[in-house]
Amino acid sequence: MRRWDRIASVVVLAFGGIVAFAALKMDLGSLNQPGPGFLPSGGACLLAVLSLVYVVLSFRRAPDGEESPWPKRHGARLIAVVASLALYCAALSSAGYIPATFVLMVILFLVADPGKWHAALVKAALSTAITYLVFEKLLMVQFPAGLLGA
Amino acid sequence: MRITTSTLAAAMSIFVGALISVSAWSDEYPSRPVSLVIPYGAGGAFDITARLLASVSQKHLGQQLVPTLKPGGGATIGTAFVARAKPDGYTLVYAANSSLTVAPLLEDPGYTKDDFIPIAKITHLTYVIAVRADKPWKTLNDLLVHIRNNPKNVVFGATGIPGLSTIGHSILLKTAGIATAPPMVPFKGVGEQVLSVLKGDTDYMIQIYLGVLPQIRAKELRVLAVLDDARSPLMPEVPTAKELGFNIALNMWLSVLAPKGTPEPVLDKLSVAVAKMVKDPAFVEAMAKVDSPILYQDRRTFQAFWNEEYKAYANLIEQEGLRKKK
Amino acid sequence: MDLLQHLASGFQVSLLPINLLYCFLGVLLGTLIGVLPGIGPTAAIALLLPITFHVPAVSTIILLAGIYYGAMYGGSTTSILVNIPGEAASVVTCIDGYQMARQGRAGPALGISAFGSFIGGTLALVGLMFAAPAMARFAREFGAPEYTGLVCLGLSLLIYLGGGSIIKSLISALIGLALSFVGQDMFTGQDRFTLGMRELKDGIGLVPMFMGLFGISEVLINLEKTIAREVFATKIRQLLPSREDWGRAFPAMLRGTGIGFLLGVIPGGSAVIASFASYALEKKLSSQPERFGSGAIEGVAGPETANNAAATGAFIPLFALGIPSNATTAILLGALMLHGVRPGPMLMEQQAGLFWGIVASMYVGNVILLILNLPLIGLWVKILKVPYKTLFPLILLFCVIGAYSVEGSVFDVGVMLAFGVVGYVLRKMGFEGAPLVLAFILGPMLENSLRQSLIISHGSFLIFVQRPIAAACLLATVILFLTALVPFVRRKRELLADEA
């Protein structure tokens, strides 16, 4: 996966650079009164140096054309799952646990088994209701009430 | 998995049942449990005393107070959550001056003092100043003289920076006329702070008495002064800072507050109920066991006290230039 | 003998039917909480606290302590089955435990962690009985410089955590370290890297982070494959560890007990670090280190034993010093006080009856836990037979609830999702999650103790040489790094020579 290694090494180097840049702007303090930037600068600079070594190592050798790390076939499925979870996070507080989770689970079960609406609805209803009863009623986790609350 | 109509019906009925159980409530306050938001994590003085209060709530309020932990952001997340909550009396906060007085003065925590209306003060926890028992400083004055003479060779152990205890420390040094503050080592928790004083890495500490009680009882730590108006019933032999000539009263109060805009009748109902709760023998007994005195104040007395305290801290933070830069 | 007499009277207390019942309820609830991600023992104990007002002190502590060490048993279950650590101390169990499950060896993995937990818990109790005062003195030796030394030693374990290249392990660790700086600086109150988000003031939540890095990213990786193909080898060969498994696991358990107990006693040492340390030690001592990461049973046995031994060891500072070493023992301290028990240096003498009653109940509790957990293995393994197309949405829901319920925060669900994506990308690039998590946990300890030490010493690094424990730890760190790096550098040089 040499080709991928090259991209990865550059990404990591960029991350290290940004952290180091931000950390060096903080107060470094002195040895007898180390400031908030003391350790972050050290850590980030070390990260930058190591990623530079990694960049060099990954570019020294020719790409050997191994399998691409990108998903070959099910990319859409991945994106659907991540996107539905992101929407769930955005909607959870205002919609409330039961409606949001029900919709999320319907989508996830449909992703798993496309076209089977009937099964997805039942499984989603069951998993939402059971987790609600177990966690909210039994274990007293307070889920957002949202639309159904006061 | 084959799905028959009956499993579908069963699933739907569970689902609908769950829906109904959240939405069923009527009109007269309080008609459903009241959430008491604790902006701290489980297990601390806040959590324990709030749960003790909640345990006697059903009897006096007619509904259960439900302690809800919302920790994070140095107690500002839970507090801000209540400031933004619907002011219907179903969301209250159990908070302290560290987040309600000091935090809004130091930075912008997402709420101000005026976003809250007090219902009652339940207790306050006094800060004490302590040293290891075998150190030569027998009185607060001994310690202060030592700090003045050797500001480089004394180390102050602190927690929660910047906060009540470090502000108190600044006042103390200022009142004593000490210009050079000794180095200050912050610790994450009371345990580490106590161990460092016991080991001798730090020389003195300021902490709520509850955190040092085990070591005081074992005579491993010595309390030099109680930073309060009155002596503590738990250590009646220890003088207050006031008696020693330092005008410092440093305590962390714990109060129940409602968001601004809560209707007056609801506030009345709540404050009457809380007044009864704090007199409930079960509550009184339990609070005694956790060494926390009940220092109840009704909403008006407490509001007046809080206004005064806020002004005093505002002046102090202004003078010391402690407000955080943007 | 005095000790045996005490213990006998302790058993008299703990074997009373009512206390047996409390013990059983405690460990049962603990197991449940350990299995469910998110809700930790701290929250469960806090919830139960008011209910125990009318229960005698001994029974209360028997119940609450049962929840605490019971949770340590349950924590490994989801790590092994679905790669979601139930609690932080089980992060390391994911590495080999989950691989074992994929090879159809979930049964032995679960079995060995139940036995390991039992052995760790029980042997640490023996240590608690005989050595509590001595261990308490040892714990008191730990100040800021000693923690710095210990943390450096802990960080050197990183070398043994990664499967592949050292440089990638180190980079993962430094990313973890950088992430650990997010939040309010303890020394100045200044916000760092919070991007203006108040929710990040206390730092990134550990539970949402590792649930994302491990649980969510695993689901994402599996989703790339055709779902019809099973993720787990379907044939489950056996339910209990074989003789060969035992031969490998038993020495690991004994070493794990030792490490766990020592680190548990040190306030702030914690079960998490103990589990990482045990894993690293097993890999270092193994004659076939390459087996680690692809289902080595020692990699499950050692850490699972160590975290239980650490949980038991943590009772020493609580009982002997009155100082809690983690959030859970802090709330146990509150519970003790509510029942009129004054923890502190004199507890063991003044309230011997209570102390020995609790110790005896912990023996009983460990036996109950073992009896309870072994039959459960069959049930857990059945979960793996659920088709993945039904299982994965449930795993995701489980993660969502877990991340939410730690602090009741929707933000944490978002953090988990973000780390799920980050974890997915990192794994694609050949980076591993374990070094990142270890550095994330050790980062604040390193920063705090280093800065505290330097303030105490007025800026002199000599403090790390003058304090024997700190010096010994740092020396060990240097030796470990050298022994690990020398072969690495030599290999690289040979490689370069070959190329030239």
Side-chain angles (χ1 to χ4, degrees), chain A residues 1 4-5 7-8 11-12 15-16 19 22-23 26-27 30-40 43-44 46-47 50-51 53-54 57 69-75 77-78 81-82 85-86 88-89 92-93 101 104-105 108-109 111-113 123-124 127 131 135 139-144, chain C residues 33 36 38-39 43-44 47 167-168 170-171 174-175 177-178 181 185 187-188 190 192-193 216 219-220 223-227 388-390 392-394 396-398 400-401 404-405 408 410-411 413-414 417 420-421 424-425 428-431 443 446-447 450-451 454-455 457-461 499:
Chain A
M1 283 199 234
W4 186 235
D5 246 12
I7 303 168
V11 171
V12 171
F15 176 78
V19 177
M26 287 188 239
D27 181 16
S30 59
L31 270 188
N32 52 14
Q33 199 61 253
F38 189 68
L39 219 69
L46 197 58
L47 177 59
L50 271 176
S51 20
V53 174
Y54 178 38
L57 286 178
W70 297 110
K72 275 195 283 284
R73 296 172 47 202
H74 299 289
R77 193 150 73 189
L78 266 174
V81 167
V82 173
L85 280 170
Y88 178 77
C89 290
L92 184 56
S93 294
T101 309
L104 172 76
M105 294 313 284
L108 290 180
F109 280 115
V111 168
D113 225 351
K123 287 181 191 171
S127 52
T131 51
F135 285 89
L139 294 166
M140 293 187 251
V141 171
Q142 286 145 343
F143 288 125
Chain C
I33 282 158
L36 297 175
I39 309 170
L47 274 175
I167 190 143
K168 283 189 175 177
L170 287 176
I171 288 176
L174 283 165
I175 293 173
L177 188 72
F181 296 132
D185 173 30
F187 290 71
T188 57
Q190 188 181 324
R192 296 188 299 189
F193 307 113
I216 302 275
V219 171
L220 295 180
L223 278 181
E224 286 182 0
K225 300 169 194 149
T226 311
I227 290 188
Y388 201 68
K389 63 179 183 185
T390 304
F392 94 80
L394 296 176
L396 290 176
L397 178 60
F398 201 59
V400 164
I401 295 175
Y404 175 81
S405 60
V410 179
F411 184 83
V413 183
L417 179 60
V421 175
Y424 170 80
V425 174
K428 286 272 160 175
M429 302 196 296
F431 290 96
L446 175 67
E447 172 168 40
L450 181 65
R451 285 168 75 183
L454 286 174
I455 299 175
S457 73
H458 304 287
S460 158
F461 280 95
E499 277 179 9

Select one option (side chain, backbone, both, neither) describing which atoms of [X] are under 4.5 Å from chain C's heavy atoms.
X: A:Val82; answer: both
X: A:Ser30; answer: neither
X: A:Phe109; answer: both
X: A:Val81; answer: side chain

Look up atom [atom1] in [X] and atom [atom2] in [Y], then write down how far apart they are to the nearest 0.5 Å.
X: A:Leu39; Y: C:Leu446; atom1: CG; atom2: CG; value: 5.0 Å
X: A:Leu46; Y: C:Ile171; atom1: CG; atom2: CD1; value: 10.0 Å
X: A:Leu57; Y: C:Lys168; atom1: CG; atom2: NZ; value: 10.5 Å
X: A:Thr131; Y: C:Phe398; atom1: OG1; atom2: CZ; value: 11.0 Å

How far apart are the closest heavy atoms of A:Met26 and C:Phe193, and which atoms are they?
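Closest pair (atom of A:Met26, atom of C:Phe193, distance): CE-CZ, 3.4 Å.
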
Checklist entry - What are the two closest heavy atoms between C:His458 and A:Asn32, and how far apart are they? => result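 Shortest heavy-atom separation between C:His458 and A:Asn32 comes out as C-CB, 3.3 Å.
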
Q | Test side-chain hydrogen bond (donor to acceptor under 3.5 Å, both in side chains) applied to C:Thr188 - qualifying residues, sequence neighbours left out | A |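 Counting only residues at least two positions away or on another chain, C:Thr188 forms a side-chain hydrogen bond (donor to acceptor under 3.5 Å, both in side chains) with C:Asp185.
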
Selection from [options] maximising heavy-atom pairs under 4.5 Å formed with chain A:
options: C:Ala44, C:Gly459, C:Ser460, C:Ala178; value: C:Gly459
options: C:Leu450, C:Leu177, C:Leu396; value: C:Leu396
options: C:Val421, C:Val219, C:Ile455, C:Ile216; value: C:Ile455
options: C:Gly408, C:Pro393, C:Gly430; value: C:Pro393
options: C:Val425, C:Ile401, C:Val413; value: C:Ile401

Exercise for the section: Report yes if the side chains of A:Val19 and C:Phe181 come closer than 4.5 Å at any heavy-atom pair, otherwise no. Expected result: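 The answer is no, as the side chains (C-beta and beyond) never meet within the 4.5 Å cut-off.
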
Do the non-hydrogen side-chain atoms of C:Ile167 and A:Val53 ever get within less than 4.5 Å of each other?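 They are in side-chain contact.
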
Please rank [options] by heavy-atom pairs under 4.5 Å with chain C and give me the top one.
options: A:Tyr88, A:Phe15, A:Phe143; result: A:Phe143
options: A:Pro36, A:Ala22, A:Pro34; result: A:Pro36
options: A:Pro144, A:Gly43, A:Cys89, A:Pro40; result: A:Pro40

Please state whether the side chain, the backbone, both or neither of [X] comes within less than 4.5 Å of a heavy atom of chain A.
X: C:Leu47; answer: side chain
X: C:Glu447; answer: both
X: C:Tyr404; answer: side chain
X: C:Leu417; answer: side chain

>> Evaluate C:Leu394 against A:Met105 for side chain to side chain contact (heavy atoms under 4.5 Å, CB included), listing each step before the verdict.
In response: CA-CA 8 Å; C:Leu394 296 176; A:Met105 294 313 284; 4.1 Å; yes

ask   = Can you name the ring-ring contact (aromatic ring centres under 6.0 Å, His included) partners of C:Phe431, sequence neighbours left out?
value =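 Per chain and number, C:Phe431 pairs via ring-ring contact (aromatic ring centres under 6.0 Å, His included) with A:Tyr54.
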
